[in-house]
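Data block below; observations after.
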Amino acid sequence: MPGIFFSHPNALKEADNKPGEVMAQKKKNFAVDLKNCLKSMLPHLETIKPSSSSSDTEKNKLTPNEIIQWTMSLEKLLVSEEGQAVFKEFLKSEFSEENIEFWLACEDYKANNDSEELRCKANVIYQEFIQPNAYKQINIDFSTRNSVTKDLLEPTITTFNDAQKMIFVLMERDSYPRFLKSEIFFRLAERHHGNNVRG
């Protein structure tokens, strides 16, 4: 594939006179050529926009009142996409982000009507969170795990309900109170002047 990565001969001709500038130009040209090459192979890459950091997003969207609402209950926290993101960041710091990831996967699962899609998503959730030695195995009891496993043969909207409730209660009693007292939460509250947020 000659010419794809170094298709700018002018930069090479000037190499003797200005080696530093030419090297910078060559790197820039290389990056442009590589991007163009990838775009030709994967046109959909052009449509992907770089995501802004979660803190920038929160800064633009959140109000002190919304943050105060998060202190009322875990349910109110999880209704907010920004709340989910901040809570997940906290859970990552405690190495327990699989709990919110499972809870959110269940919410997504319950939004489906198509039986084939339900079956597909049920298997993904089971393999990722439920099965023994799953990469992100959640902490549920044997009977609940067994019940989900049996339901996989004919999954329904309610297949993960008991497991999801169990994880919600675990987060509500364990992680959520610590989240309200965490540095992550207080920093966020201070940034939005939520001085009357209780912890």
Side-chain angles (χ1 to χ4, degrees), residues 51-114 117-118 121-131 134-149 151-152 155-199:
S51 59
S52 58
S53 69
S54 59
S55 59
D56 289 344
T57 306
E58 289 150 15
K59 210 168 189 176
N60 295 331
K61 290 184 179 179
L62 285 179
T63 66
N65 188 50
E66 285 175 283
I67 297 171
I68 291 168
Q69 287 294 310
W70 296 356
T71 67
M72 303 302 173
S73 69
L74 177 59
E75 195 171 357
K76 289 191 176 182
L77 172 67
L78 294 179
V79 164
S80 159
E81 284 186 20
E82 292 81 16
Q84 292 170 12
V86 176
F87 190 50
K88 183 175 180 180
E89 184 184 339
F90 168 74
L91 292 178
K92 274 186 181 177
S93 74
E94 295 205 326
F95 305 101
S96 59
E97 68 268 24
E98 70 276 359
N99 291 330
I100 191 167
E101 287 176 5
F102 171 72
W103 188 87
L104 290 170
C106 291
E107 290 295 290
D108 177 64
Y109 173 81
K110 290 187 290 189
N112 289 285
N113 297 321
D114 182 71
E117 196 168 347
L118 278 181
K121 288 196 173 187
N123 279 308
V124 170
I125 292 171
Y126 177 79
Q127 288 170 21
E128 193 168 358
F129 299 103
I130 306 284
Q131 73 178 359
Y135 175 63
K136 297 180 181 178
Q137 188 175 21
I138 53 169
N139 187 13
I140 55 175
D141 60 44
F142 174 79
S143 63
T144 305
R145 194 179 306 279
N146 205 32
S147 172
V148 170
T149 305
D151 274 5
L152 278 184
T156 66
I157 290 288
T158 61
T159 293
F160 297 102
N161 277 9
D162 290 342
Q164 187 184 22
K165 282 175 193 168
M166 198 170 285
I167 292 303
F168 182 88
V169 169
L170 179 68
M171 292 191 295
E172 186 175 45
R173 291 181 181 169
D174 187 34
S175 306
Y176 176 64
R178 286 201 305 276
F179 166 72
L180 293 179
K181 295 174 183 174
S182 71
E183 198 63 34
I184 289 172
F185 180 70
F186 278 118
R187 279 201 313 266
L188 182 72
E190 282 173 14
R191 255 198 337 263
H192 292 83
H193 311 293
N195 298 323
N196 55 342
V197 174
R198 66 178 174 84

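Scope of the values below: all heavy atoms of this structure, side chains included, with no hydrogens, waters or symmetry mates.
- Checked against salt bridge (Lys or Arg N to Asp or Glu O under 4.0 Å), D141 has no partners two or more places apart in sequence or in another chain.
- Within a 6.0 Å radius of CG in D114, more than 12 heavy atoms belonging to other residues, nucleotides or ligands are found.
- Remark: E94 engages R178 in a salt bridge (Lys or Arg N to Asp or Glu O under 4.0 Å) (not counting sequence neighbours).
- Scanning both residues, K92 and E97, for their nearest heavy atoms gives CA-OE1, 3.4 Å.
- Going from atom CD1 of I67 over to atom CG of L188 covers 4.0 Å, rounded to the nearest 0.5 Å.
- Two rings, from F185 and F90, have their centers 6.0 Å or more apart.
- Here the shortest heavy-atom pairing between L118 and T156 reads CD1-C, 4.3 Å.
- Remark: K181 NZ to F186 CZ distance equals 9.0 Å, nearest 0.5 Å.
- Between the CD1 atom in I184 and the CZ atom in F179 there is a gap of 7.5 Å [rounded to 0.5 Å].
- A distance of 11.0 Å separates CG in L62 from CG in N65, rounded to the nearest 0.5 Å.
- Atom OH of Y176 sits about 12.5 Å away from atom CG of L91, to the nearest 0.5 Å.
- Using a distance-only test at 3.5 Å, with no hydrogens or angles considered, a donor-acceptor pair links the side chain of Q84 to the main chain of L78.
- Proximity of I140 to I130: side-chain heavy atoms (C-beta onward) are separated by under 4.5 Å at one or more points.
- Side-chain contact between F102 and F160 is present, with at least one heavy-atom pair separated by less than 4.5 Å.
- No donor-acceptor pair under 3.5 Å is formed between the side chain of T158 and the backbone N or O of N161.
- Formation of a donor-acceptor pair under 3.5 Å by the S147 side chain with backbone atoms of S143 is not found in this model.
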- Kindly indicate, with the supporting measurements, whether the criterion side chain to side chain contact (heavy atoms under 4.5 Å, CB included) is fulfilled by Q164 and E107. CA-CA 9 Å; Q164 187 184 22; E107 290 295 290; 2.8 Å; yes

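- For the pair V148 and T159, the tightest heavy-atom approach, listed with the atom from each and the gap, is CG2-O, 3.7 Å.
- Closest heavy-atom contact between Q127 and Q131: O-NE2, 3.3 Å.
- If you take NZ on K136 and CD on E101, they are separated by 3.5 Å, rounding to the nearest 0.5 Å.
- Among all heavy-atom pairs drawn from Y109 and K121, the shortest one is CD1-CB, 3.9 Å.
- Of all the heavy atoms in Q137 and R145, the pair that sits closest is NE2-NH1, 3.3 Å.
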